[in-house]
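Working notes, structure below.
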Protein chains: 2
Amino acid sequence: MIKVLLIDDHPIVMEGLKNLLSRQEDFSVAGCCATGAEGLKAITTLNPDVVLLDINLPDIKGIDICRQVRKHNTDVCIIALSVHNERPVIKNVLSSGANGYVLKNSVGEEIITAINAALKGNTYLCRAARDIMSQIQEGELTEMPRITRREKEIMALISKGLTTAQVAEQLFISPHTVESHRKNLIEKFDVSTMTAVIKLATQYGLI
Amino acid sequence: MIKVLLIDDHPIVMEGLKNLLSRQEDFSVAGCCATGAEGLKAITTLNPDVVLLDINLPDIKGIDICRQVRKHNTDVCIIALSVHNERPVIKNVLSSGANGYVLKNSVGEEIITAINAALKGNTYLCRAARDIMSQIQEGELTEMPRITRREKEIMALISKGLTTAQVAEQLFISPHTVESHRKNLIEKFDVSTMTAVIKLATQYGLI
DNA sequence: TTAAAAATGGCTGATTTCAGGGATATCGTA
DNA sequence: TACGATATCCCTGAAATCAGCCATTTTTAA
């Protein structure tokens with residue numbers, strides 16, 4: 001009997017997942033968590049074989065949860081559930097230690113397939129995610145860059161409509177510094193304007 | 001027996017909703033649709049008493065579906081399901097003809113409550129949505145403005161990192177016109193820079 | 001059908017951003 | 001401890017944005 005832990009903050013989705021798994025012979029629901037913190041605790045205490053992990057939880061970022069788990073536990077299979085169909089997000093989640101990626105608009109069977117694949121040591125992507133990943137991106141342009149704490153702070157303020165000078169004032173730093181961060185962000189996201197940075201960052205849930 | 005039509009593009013959520021309703025004595029699932037177009041058709045053919053409508057469908061905007069329905073049909077109760085907890089979005093959905101608003105991270109009972117309230121002629125908001133709406137907003141600042149097709153087009157291009165001149169070239173219009181739209185957008189969103197516009201528009205799912 | 005809203009085009013000038021070069025200090029970790 | 005990543009600071013000039021106005025035509029709604 002394969003023990004599955006469910007982590008999702010939407011009770012209705014949880015309902016659907018439980019239902020889905022209950023129809024399978026060899027799966028049992030080991031536990032249900034609505035937050036990342038609960039989830040992390042449950043993984044150590046319940047020691048499940050598989051975790052179905054919603055990537056967008058209220059408290060902890062899905063990527064961080066994967067990283068946390070992988071620090072100590074390399075056995076558990078993590079299947080990421082998400083609404084995000086952006087290529088960089090998928091890539092990031094997978095490289096953070098997930099064994100599968102299933103979009104929430106997939107049919108239930110894909111989740112089962114993903115679990116079985118992961119248990120066999122394979123990485124399964126749902127059809128839609130596979131399609132996205134297999135698209136040849138012109139020069140691998142849009143990777144999700146690693147963004148520092150300070151940079152996030154600055155993006156948040158800029159996105160609210162503050163100018164460089166206003167951001168500088170708010171953070172008690174020189175406008176030149178804000179300019180530098182701005183430049184770095186534009187470079188990291190590989191775009192040419194700050195508006196493009198803000199759009200991508202918002203899409204990726206960075207701010 | 002109250003006939004309920006389900007419209008949601010996530011099979012797992014659908015599963016959960018069906019499960020939830022099946023536990024209720026007096027509700028029956030009249031049909032399930034994964035797209036807005038199917039949904040609109042089903043509403044006329046199946047004539048349900050209640051529609052559980054996911055606001056974020058792949059093809060048609062939830063707000064537009066509500067408007068469409070309300071053109072001809074004033075009887076059917078529409079309960080909006082959504083992940084959006086932004087005040088302007090909620091307000092917009094309700095004023096487009098929805099009889100209730102339930103966030104997807106609500107417990108299933110809230111959906112039942114919302115349906116029953118709507119059938120009695122009341123408008124029900126889930127706890128979290130109610131909290132958001134009752135917050136006294138400083139001067140009712142952040143209403144979701146009505147955005148035209150052209151404006152959306154321009155926002156989309158600007159958000160991709162194009163400059164005013166490039167947008168003008170792409171749309172075969174004068175840069176001055178783009179400037180005008182830009183100005184209107186900044187005014188409509190009541191902010192002072194285009195980056196702020198892009199962030200809000202992305203959040204509200206406008207682009 | 002009439003009025004309002006949207007889309008188009010225009011001008012000027014002050015302010016801001018962006019690209020391009022730098023440089024130094026701090027912090028955590030290997 | 002030494003390295004790498006982060007955060008801080010600085011300059012200049014070209015290019016773009018934003019605020020402030022206005023006007024015409026076409027759609028859409030009342």
Side-chain angles (χ1 to χ4, degrees), chain A residues 64 67-68 70-71 143-201 206-207, chain B residues 61 63-64 66-68 70-72 92 95-97 143-201 206-207:
Chain A
D64 294 327
R67 290 223 184 94
Q68 288 270 33
R70 285 295 175 241
K71 268 191 188 165
E143 293 317 303
M144 183 150 79
R146 193 135 35 75
I147 300 300
T148 67
R149 221 175 309 130
R150 196 57 158 182
E151 285 169 340
K152 269 187 214 170
E153 219 173 334
I154 281 160
M155 280 199 290
L157 291 173
I158 289 177
S159 75
K160 281 204 287 185
L162 303 200
T163 65
T164 298
Q166 289 172 317
V167 173
E169 197 182 347
Q170 182 121 15
L171 298 178
F172 306 108
I173 57 177
S174 153
H176 296 294
T177 308
V178 180
E179 280 282 324
S180 288
H181 286 302
R182 221 193 172 94
K183 249 186 305 184
N184 292 337
L185 284 165
I186 288 174
E187 195 178 337
K188 279 191 182 178
F189 279 94
D190 196 24
V191 293
S192 58
T193 66
M194 207 53 205
T195 49
V197 169
I198 295 301
K199 184 203 159 203
L200 289 172
L206 260 42
I207 47 176
Chain B
K61 283 244 149 68
I63 292 169
D64 294 328
C66 289
R67 289 223 185 92
Q68 289 270 33
R70 285 293 175 242
K71 268 191 186 161
H72 310 292
N92 238 273
S95 66
S96 301
E143 290 318 302
M144 184 148 82
R146 194 138 28 78
I147 300 300
T148 67
R149 220 176 307 128
R150 196 56 157 180
E151 285 171 339
K152 270 187 213 171
E153 220 174 333
I154 281 161
M155 280 199 289
L157 291 173
I158 289 177
S159 75
K160 280 204 285 187
L162 302 200
T163 65
T164 298
Q166 288 172 319
V167 172
E169 198 182 344
Q170 181 120 15
L171 298 179
F172 306 107
I173 57 178
S174 153
H176 296 294
T177 309
V178 179
E179 281 281 324
S180 290
H181 286 302
R182 198 188 262 271
K183 256 182 301 187
N184 291 336
L185 284 166
I186 288 175
E187 195 177 339
K188 278 191 182 180
F189 278 93
D190 194 25
V191 292
S192 57
T193 68
M194 206 53 205
T195 48
V197 169
I198 295 301
K199 184 203 157 203
L200 289 172
L206 262 41
I207 47 176

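The chains referred to below are lettered A, B, ... by the order of the sequence lines, with proteins before strands, and numbering in each begins at 1.
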Measure [atom1]/[X] against [atom2]/[N] and give the value in whole Å, please.
{"X": "E187(B)", "N": "dT17(D)", "atom1": "CD", "atom2": "P", "answer": "19 Å"}
{"X": "H176(A)", "N": "dC9(D)", "atom1": "NE2", "atom2": "P", "answer": "9 Å"}
{"X": "K188(A)", "N": "dA5(D)", "atom1": "NZ", "atom2": "P", "answer": "10 Å"}
{"X": "I173(B)", "N": "dT25(D)", "atom1": "CD1", "atom2": "P", "answer": "18 Å"}
{"X": "N184(A)", "N": "dT17(C)", "atom1": "CG", "atom2": "P", "answer": "16 Å"}
{"X": "H181(B)", "N": "dC18(D)", "atom1": "NE2", "atom2": "P", "answer": "15 Å"}
{"X": "Q166(A)", "N": "dT17(C)", "atom1": "CD", "atom2": "P", "answer": "9 Å"}

Non-hydrogen side-chain atoms of [X] and [Y] separated by less than 4.5 Å:
{"X": "I173(A)", "Y": "R150(A)", "result": "yes"}
{"X": "K160(B)", "Y": "V191(A)", "result": "no"}
{"X": "L171(B)", "Y": "V178(B)", "result": "no"}
{"X": "M194(B)", "Y": "F189(B)", "result": "no"}
{"X": "R182(B)", "Y": "V197(B)", "result": "no"}

Checklist line | Spatial distance of atom CD (E169(B)) from atom OG1 (T163(B)) [nearest 0.5 Å] | finding: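 Spacing of CD (E169(B)) from OG1 (T163(B)) equals 9.0 Å.
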Next item on the list: Drop me the distance from K152(A)'s NZ to L157(A)'s CG, to the nearest 0.5 angstrom.
Entry: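 It is 14.0 Å, given to the nearest 0.5 Å.
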Notebook entry, point to check: To the nearest 10 degrees, what angle separates the axes at the start and end of the helix from dT1(C)-dA30(D) to dA30(C)-dT1(D), five pairs each?
Noted result: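 Rounded value for the end-axis angle: 80°.
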Checklist line | Earlier contact from the 5' end, DNA chain C, for P175(B) and L162(A) | finding: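 That would be P175(B).
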Notebook entry, point to check: Is it true that a side-chain atom of E151(A) and a backbone atom of T148(A) form a donor plus acceptor pair closer than 3.5 Å?
Noted result: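 Yes; at least one donor-acceptor contact below 3.5 Å.
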Check: Can you tell me if R67(B) uses its side chain to pair, donor with acceptor, with the backbone of S96(B) under 3.5 Å?
Finding: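 No.
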Item checked: Positions of residues 146-158 of chain A (non-hydrogen atom under 4.0 Å from DNA chain D), listed by number ->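 Contacting residues: R146(A), T148(A), R149(A), R150(A).
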Margin query: Using every non-hydrogen atom in the two residues, find where A201(A) and M155(A) come nearest and quote the distance to one decimal.
Written below: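 For A201(A) and M155(A), the tightest heavy-atom pair comes out as CB-SD, 3.7 Å.
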Next item on the list: Would you please confirm or rule out a distance under 4.0 Å between OP1 or OP2 of dA16(D) and any side-chain N or O of T164(B)?
Entry: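 For T164(B), the contact criterion (side-chain N or O under 4.0 Å from OP1 or OP2 of dA16(D)) is not met.
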Next item on the list: Using a 4.0 Å heavy-atom cut-off across all strands, classify T177(B) as base, sugar-phosphate, or nothing.
Entry: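 Base, at least one base heavy atom under 4.0 Å.
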Next item on the list: Have a look at K199(B) and tell me which of I198(A), I158(A), T195(A) forms a side chain to side chain contact (heavy atoms under 4.5 Å, CB included) with it.
Entry: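 Testing each of I198(A), I158(A), T195(A) against K199(B), the sole residue satisfying side chain to side chain contact (heavy atoms under 4.5 Å, CB included) is I198(A).
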Next item on the list: If a protein heavy atom is under 4.0 Å from the base, mark B; if only from the sugar-phosphate, S; if neither, -; do that for nucleotides 18-30 of chain C going 5' to 3'.
Entry: BSBB---------
